[in-house]
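Data first, discussion second: the structure below is written as structure tokens.
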Amino acid sequence: MNGPDRSPGASGRGTTRHVLDVDDLSCADLRAVLDLAAAPPDAAGPVLDGRGVALVFERPSARTRNASEMAVVALGGHPIAIRGDEVGIDRRETAEDVARTLACYHAVICARVADHGTLTRMRAALDAAGVAVPVVNLLSDRAHPCQAVADLLTLRQRFGDLAGRTLAYVGDANNVWRSLALACAMVGVRLRTAAPDGYGPDPDDVALVTEAGGDVEVSTVPAEAVAGADAVYTDVWVSMGEEDEAEQRRRAFMGFTVDRDLLAVAPDALVMHCLPAHRGEEIAADVLEGPRSVVWQQAANRMHAMRGLLAWTMGAGPDGAAGAADRVDR
Ligand code: CP
Ligand code: NVA
């Protein structure tokens, strides 16, 4: 941990270990999750012990779904992947009723949702009912904490201690940016962000990250952000749900491609991308596949990060014996 732990997770938000964004964890929790993720797959033991984990997807996924299913199996659990239209959140029944129902069968409810508010409502419904089943965000329009944990794991594997390192983020200050920025703040990584006017971070989010102890610089000039950085990160210019804005966004982001010319000002920097990638838009093909790219390591780490995160939701880690979360029959 670096300095005082000012992450909101540090003050606690109840006993159920929900993860809607990285700041639901304290710095110590985040370190525990990373340690669990880095440990051999059987280190936490079969903490799910035959119990179910719901994996709801309102949006497509390659990495998150497969990483999550395999992580659940590694922890001795039974994953059930559910397409959004099967449960029809707020169409067939309310988000609250879906959460209460899934909690009858599953130890954890993980969901990828179009609207972050769906997750907060699911969490509130379970907490209000006294149902100790964690809700885990598999990506929303606001946050992607499971990705950020995998990204930190990747950086830790490459650099060891991360305090004092500098990450440059070039592109849209979106869901991936927000979780990554919080994660960086919590491990002492400086974050320099370059985005076109209108696509940079919301001032409230910069305040949130600063409050979590983060050192955030924002500019509209990619080379300023990238100069001398230890790693350069980018994500798609058009996120899921923004397809109607695609042309406008592609115009706005011209000049923000992570390519060889841009990387010349950071000769030692690693290159990161959460995937899926659009070669020739946010990242040049030769950079994505080049020797500085760690994107496939990030992708592989999604499974380890998920295993660490799920084990932590079940009580594994320094603050609780593995499997300590209450088993409630309903
Ligand atoms: N990075 C990521 O979340 O990939 P998927 O959308 O394929 O899950
Ligand atoms: N920002 C992207 C991330 C995909 C993993 C999206 O939300 O579509």
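Both ligands and their constituent atoms are indexed starting at 1 by order of listing. Values below: all heavy atoms of this structure, side chains included; hydrogens, waters and symmetry mates excluded. For reference, positions follow the sequence shown, starting with 1.
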Derivation and outcome, side chain to side chain donor-acceptor pair (under 3.5 Å), residues S219 and R192:
CA-CA 8 Å; S219 86; R192 296 199 212 121; over 6 Å; no
Any nitrogen or oxygen of A62, side chain or backbone, less than 3.5 Å from one on ligand 1?
yes
Just to be sure I read this right, does ligand 1 sit under 4.0 Å from the backbone of Q147, its side chain, both, or neither, counting only heavy atoms?
side chain
Which of the ligand 1 atoms, numbered from 1, are nearer than 4.0 Å to a heavy atom of H144
2 (C), 3 (O)
Are any of the N or O atoms of L275 closer than 3.5 Å to those of ligand 1?
yes
Are R279 and E289 within salt-bridge range, i.e. N to O under 4.0 Å?
yes
Where is the tightest heavy-atom contact between S179 and D21, given as atom of each residue plus distance?
OG-OD1, 2.7 Å
List ligand 1 atoms under 4.0 Å from C274, heavy atoms only on the residue side.
1 (N)
Is there at least one pair of N or O atoms, one from V236 and one from ligand 2, spaced under 3.5 Å apart?
no
Strictly distance-based, threshold 3.5 Å: is any side-chain N or O of T120 a donor or acceptor partner for the main-chain N or O of G117?
yes
Whether over 12 other heavy atoms sit under 6.0 Å from D244 CG:
no
What atoms of ligand 1 come closer than 4.0 angstrom to any heavy atom of R302?
1 (N), 2 (C), 3 (O)
Under 3.5 Å, side chain of R292 to main-chain N/O of A269, donor-acceptor pair present?
yes
What residue and heavy atom of the protein are closest to atom 8 (O) of ligand 2, and at what distance?
M240 N, 2.8 Å
Just wondering, do E245 and V238 contact through their side chains at under 4.5 Å, heavy atoms?
no
Is the closest side-chain heavy-atom distance between D230 and D268 below 4.5 Å?
no
Donor-acceptor contact present, side-chain H78 to main-chain G52, <3.5 Å
no
Students should be able to answer this: which protein heavy-atom is nearest to atom 4 (O) of ligand 1, and at what distance?
R63 NE, 2.8 Å
Per-atom contacts of ligand 2 with N174, taking only distances under 4.0 Å to non-hydrogen atoms
1 (N)
Would R112 count as being in polar contact with ligand 1, using the rule that some N or O on each side must be under 3.5 angstrom apart?
yes
For atom 7 (O) of ligand 2, find the nearest protein heavy atom and state the residue, atom name and distance (0.1 Å precision).
N175 ND2, 2.8 Å
For L139, the ligand 2 atoms with a heavy-atom partner under 4.0 Å come out as 3 (C), 4 (C), 5 (C), 7 (O)
For L139, is at least one N or O under 3.5 Å away from an N or O on ligand 1?
no
Reference residue T64; test side chain to side chain donor-acceptor pair (under 3.5 Å); the match among R59, Q147, R112
R112
With I283 as partner, the option from H278, H273, M272 fulfilling side-chain contact (heavy atoms from CB on, under 4.5 Å) is H273
Under 3.5 Å, N or O to N or O, is H144 touching ligand 2 that way?
no
Side chain, backbone, both or neither: L275 near ligand 2, heavy atoms under 4.0 Å:
backbone
Do any nitrogen or oxygen atoms of D235 lie less than 3.5 angstrom from nitrogen or oxygen atoms of ligand 2?
yes
